[in-house]
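The structure under discussion appears below in the form of structure tokens.
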Amino acid sequence: MSKRFVAIWFRHLLTDWLALRRPDLRNLPFVIAIKDHGRLLITATNNLAETEGIYPGMLAADAKALVPSLEIIDDIPGKGNKLLKGIGEWCIRYTPIIIMDPSDGLILDISGCAHLWGGEHAYLQEIISRLKGNGYDVRAAIADTIGTAWAVARFGKINPIIGFNQQAEALLSLPPAALRLESSVLERLQKLGLKTISSFMTMPRSVLRRRFGEGILLRLDQALGNEDEFYTSLLPVKPYEERLPSLEPIRTAVGIEIAVQKLLEMLCKRLQQEGKGIRTAVFKGYRIDGKVVQMAIGTNLASHNIQHLYKLFELKISTLEPALGIELFTLEASKVEDIPPHQEALWTGKPGLEDGSLAELLDRLAGKVGAETIHRYLPDEHYWPERSIKTSCSIKDKPSIRWRTDKPRPVQLLAQPEKIDVTAPIPDYPPMLFRYKEKVHHVKKADGPERIEREWWLDAGQHRDYYHVEDQNGQRYWLFRSGHYNEDGANEWFIHGFFA
Amino acid sequence: MYLPQTKKDIINQLQKSILLMQGFTPPVSAAADSVGLGAIEAAFPNGVFPRGAIHEFLSAAPEQAAANGGFISGILNTLMQQGGACLWISMSRTLFPPSLKIFGVEPDRLIFVDLKREKDVLWAMEEALKCNGLAAVIGELSEISFTQTRRLQLAAEQSRVTGFVLRSNPKKLSATACVARWNISSLPSELEEGMPGVGFPRWTVELLKVRNGNPGSWGIEWSDGGFRSIRSQPKVALLKRERLKVG
């Protein structure tokens with residue numbers, strides 16, 4: 001299929017934008033100028049200034065002489081490209097491939113898009129009227145090549161839509177500047193009296209090359225379509241993305257389920273061939289009312305198992321609101337990882353943390369109740385009990401230090417130590433009895449104290465003297481006194497845990 | 001033709017076929033399936049601690065929860081020896097993972113799931129019990145009905161994953177489909193005469209209900225990385241006044 005391009009030319013991009021921002025400038029001639037070697041050089045003009053004969057490249061002082069009431073506004077470097085990029089992103093509704101044409105234009109690759117707007121004429125009309133409605137003075141043209149579309153958009157006088165393979169006819173009457181040539185070449189053409197493309201297009205190539213260099217031949221070939229022109233799209237095409245347009249808007253859960261299934265089949269087939277698996281994926285539905293609904297999933301181990309991934313999405317389908325209907329579904333694997341070849345025989349009978357079925361189970365749990373509910377702990381280098389463990393972020397993490405067993409630690413640890421009343425005989429002796437939750441426990445056996453110093457660089461407070469005690473029923477507790485023993489009996493005692 | 005059989009043989013035969021129907025497959029070798037509980041294992045059918053089944057633990061007070069934690073980790077020690085992982089599902093978890101290392105469990109091989117609703121805990125337990133990549137699943141619940149345990153039990157029988165249900169509100173003890181109901185309570189530790197400090201953890205292990213087995217009560221101690229059975233002593237003797245010993 002032959003390619004089709006739209007070239008859009010913003011005649012007064014910066015001044016139009018400024019006029020939108022400052023309505024008071026709308027009916028005044030004004031220019032944007034930049035400081036250049038101690039003088040002010042005009043870089044952009046508005047329509048009114050242009051009719052007065054002021055062009056970009058003039059000096060502001062000269063322009064002021066022509067139009068004394070001329071407003072001169074400082075240039076914001078890089079603003080033009082930023083503006084162009086913003087408009088380019090907005091144009092994504094017309095085609096997925098948008099090419100920036102620096103300083104004042106956009107090129108749209110519209111191959112296979114125009115029929116959605118009822119033909120090229122209506123398509124072009126739509127783009128121009130939308131942009132004009134937004135306050136931008138634009139010209140646009142459609143042709144088979146970027147070069148011809150560019151030329152016709154800027155210099156064409158008759159028809160903005162150039163039919164298939166009619167580039168040569170369209171270019172004949174245009175000036176050489178329409179070929180995007182360097183200014184030195186243009187000057188030389190001007191000197192030789194070659195005022196239209198038709199006057200030199202039929203010349204032998206060797207003659208053109210000798211007099212004007214390789215550039216003119218390349219531009220001519222690109223405009224005529226004899227040579228491919230390479231470009232980079234403004235929004236890069238996602239490497240792992242599949243699209244599924246629907247004939248009629250989808251509004252039911254069953255319809256969405258089918259879409260998920262189909263997209264997964266398409267994507268996973270590709271991933272399988274490349275030996276990769278999904279870590280995170282986003283499923284998007286483009287609704288008729290212009291909004292986008294989406295659901296995202298994540299896996300603990302990379303996977304290209306369709307059934308498993310489908311189950312993860314299935315849990316979330318109910319959160320999508322189709323409203324009036326979804327017309328386009330996309331599935332993008334936003335993070336993929338290599339999957340090492342699976343060795344069935346070695347894994348069976350030796351389940352562990354890296355077991356595939358465990359990872360799939362955790363994915364399902366995370367999908368239903370949220371990933372923040374799943375915890376795994378690794379030892380940390382702190383003596384302070386609350387800080388002696390840290391949560392692990394990945395199921396593959398291995399403990400960097402060994403779990404300590406030299407000091408007894410309770411099986412149940414209270415999140416907050418609870419205050420208790422005690423009777424303690426002498427300094428550094430464990431209590432004789434303590435009262436916890438209205439129950440009195442007589443201490444029969446005790447171990448301790450184990451002093452744990454507070455990490456002063458992390459928080460302030462008293463150290464703790466821990467005692468491991470056993471009461472008359474054989475129940476074992478972990479108590480501590482906060483700080484040093486106090487002569488006047490104002491000691492604070494806490495219960496912090498329960499031993500097995 | 002039938003050989004002449006005694007009544008006892010016939011009854012044994014019938015009992016075995018009933019066990020088979022109920023999902024108790026006879027063990028390949030009793031020693032391989034032992035979880036180190038010694039005499040207690042004899043209370044179960046075939047004399048083997050049932051894996052791939054749901055065990056129910058009463059856990060009323062935090063002290064008892066701690067005892068349960070210790071006792072279950074002792075069993076997990078064996079269950080996880082083949083390199084399996086274990087899922088601990090609860091709503092308000094106070095378990096302190098580093099303490100389980102004493103009982104031979106690598107705390108980093110436990111995965112904790114902290115949920116907000118009892119319904120989610122049951123759902124997560126059932127999903128986890130269906131996953132044969134796990135060694136065991138532990139769920140902390142306040143209440144569980146017969147139907148719910150039946151669901152869990154069926155899932156566990158399929159996947160051969162052992163499930164433990166800790167019931168924190170055992171006031172209304174409804175019937176369940178679990179293979180056993182355990183009640184673990186702390187016993188005063190004992191040290192050699194004259195030694196100060198607190199000794200190894202000791203518990204009274206009561207099997208209140210065992211499907212096709214014999215309920216009973218045992219004293220047990222965790223020392224040297226394994227369960228040791230202790231001779232049951234009259235409680236009065238243990239409660240005799242001792243002098244406070246300090247280390």
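Just the heavy atoms: all of them, side chains too, but no hydrogens, waters or symmetry mates, feed the values below. Quick note on labels: first sequence line is chain A, next is B, and so on, each numbered from 1.
Residues S357(A) and N132(B) form a side-chain contact, since some pair of their non-hydrogen atoms from C-beta on lies under 4.5 Å apart. At least one side-chain heavy atom of S388(A) sits less than 4.5 Å from a side-chain heavy atom of F96(B). For the pair F112(B) and T373(A), the minimum side-chain heavy-atom distance is 4.5 Å or more.
Expressed to the nearest 0.5 Å, how far CG of L87(B) lies from CG of L362(A) amounts to 6.5 Å. The CG atom of N473(A) sits 9.0 Å away from atom OG of S186(B), with the distance rounded to the nearest 0.5 Å. In this structure, CD in E470(A) is found 9.0 Å from CG in L187(B), a value given to the nearest 0.5 Å. To the nearest 0.5 Å, atom CD of residue E63(B) and atom OH of residue Y477(A) are 3.5 Å apart. The line from NZ of K101(B) to CZ of R404(A) is 13.0 Å long, rounded to the nearest 0.5 Å. Note: K368(A) NZ to D120(B) CG = 6.0 Å, rounded to the nearest 0.5 Å.
Taking P201(B), G70(B), P107(B), S73(B) one by one and counting their heavy-atom pairs under 4.5 Å with chain A, the maximum is reached by P107(B). Looking only at heavy-atom pairs under 4.5 Å with chain A, the residue among A124(B), A61(B), A65(B), G69(B) that has the most is A65(B). Of the listed residues I184(B), D114(B), L191(B), the one with more heavy-atom pairs under 4.5 angstrom with chain A than any other is D114(B).
Only the backbone of F499(A) comes within contact range of chain B, judged by heavy atoms closer than 4.5 Å. In this structure, no portion of F71(B) lies under 4.5 Å from any heavy atom of chain A. Only the side chain of R93(B) comes within contact range of chain A, with at least one heavy atom under 4.5 Å from a heavy atom of that chain. For W123(B), the part sitting under 4.5 Å from any heavy atom of chain A is the side chain, from C-beta outward, and nothing else. Contact of L361(A) with chain B is made through the side chain alone, with heavy-atom distances under 4.5 Å. Both the backbone and the side chain of L365(A) come within contact range of chain B, each with at least one heavy atom under 4.5 Å from a heavy atom of that chain. Contact of I89(B) with chain A is not made at all, since no heavy-atom distance falls under 4.5 Å.
Heavy atoms only, all atoms of each residue included: T405(A) and I102(B) are closest at O-CD1, 4.0 Å. Closest heavy-atom contact between A66(B) and V411(A): O-CG1, 3.7 Å. In terms of heavy-atom proximity, A500(A) sits nearest to W203(B) at C-NE1, 3.4 Å.
Residue R228(B) places its CZ atom among more than 12 non-hydrogen atoms of other residues, nucleotides or ligands, all under 6.0 Å distant. No more than 12 heavy atoms of other residues, nucleotides or ligands lie within 6.0 Å of CD in E381(A), so this atom counts as exposed by the packing criterion.
When atom types are taken as modelled, the side chain of K445(A) and the backbone of S189(B) share a donor-acceptor pair closer than 3.5 angstrom. The backbone N or O of R109(B) lies less than 3.5 Å from no partner atom in the side chain of R376(A), so there is not a single donor-acceptor pair.
A donor atom on one side chain and an acceptor atom on the other are found under 3.5 Å apart for T94(B) and Q412(A).
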